[in-house]
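Here the structure comes first, spelled out in structure tokens, and everything after it is commentary.
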Amino acid sequence: MNEKKDRLFSFACLLTATLSYVFICKPFVGLPLGVVSIVLFFLQRKNFEANRVATIGGILGAINVGMALLILLFFGIYFGILHMNGSIDWSEIIDSIDFY
């Protein structure tokens, strides 16, 4: 029974990491899948013996989440510099966005 759970955790970890890359253009789907992959990786490590499938899934999920955080950081720095120079007016940008 434990071997089945181990395989299930490993497969779920790798599947969520792979799907996080598939849905990377939809950040509300891709990023949570990356986080779930990391959580499943740590749960698998805590409850069962370490294996390669879960390790690869955890690494892929961590790369995806880290890459997204770096992109957000760079965009934040870029738009912050534009705002400090007076090149961008946030009130115009927010008014132009159509929130449904």
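FYI, side chains are in, hydrogens and waters are out, and symmetry mates aren't considered; it's all heavy atoms of this structure.
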Only one of Leu60, Val53, Ile59 passes side chain to side chain contact (heavy atoms under 4.5 Å, CB included) with Ile56, and that residue is Leu60
For the pair Gln44 and Thr55, evaluate side-chain contact (heavy atoms from CB on, under 4.5 Å) and give the outcome as yes or no after the intermediate values.
CA-CA 9 Å; Gln44 194 275 339; Thr55 303; over 6 Å; no
When rounded to the nearest 0.5 Å, the distance separating CD1 of Ile77 from CG of Leu72 is 11.0 Å
ask   = Do other residues, nucleotides or ligands put more than 12 heavy atoms under 6.0 Å from the CZ atom of Arg7?
value = no
Which pairs of donor and acceptor atoms, one on a side chain in residues 29-38, lie under 3.5 Å apart (sequence neighbours left out)?
residue	atom	partner	partner atom	Å
Ser37	OG	Cys13	O	3.2
Ser37	OG	Gly57	O	2.9

Within-4.5 Å side-chain heavy-atom neighbours: Met67 and Ile24 | yes
When rounded to the nearest 0.5 Å, the distance separating CG of Leu15 from CG of Leu40 is 10.0 Å
Exercise. Any chance you could lay out the side chain to side chain donor-acceptor pair (under 3.5 Å) test for Arg52 and Ser10, step after step, and finish with the verdict?
Key: CA-CA 9 Å; Arg52 290 179 288 181; Ser10 301; over 6 Å; no
- Beyond-backbone contact of Tyr21 with Ile63, side-chain heavy atoms, under 4.5 angstrom: yes
So ring-ring contact (aromatic ring centres under 6.0 Å, His included) across residues 26-80, not counting sequence neighbours, yields Phe9-Phe48, Phe79-Trp90
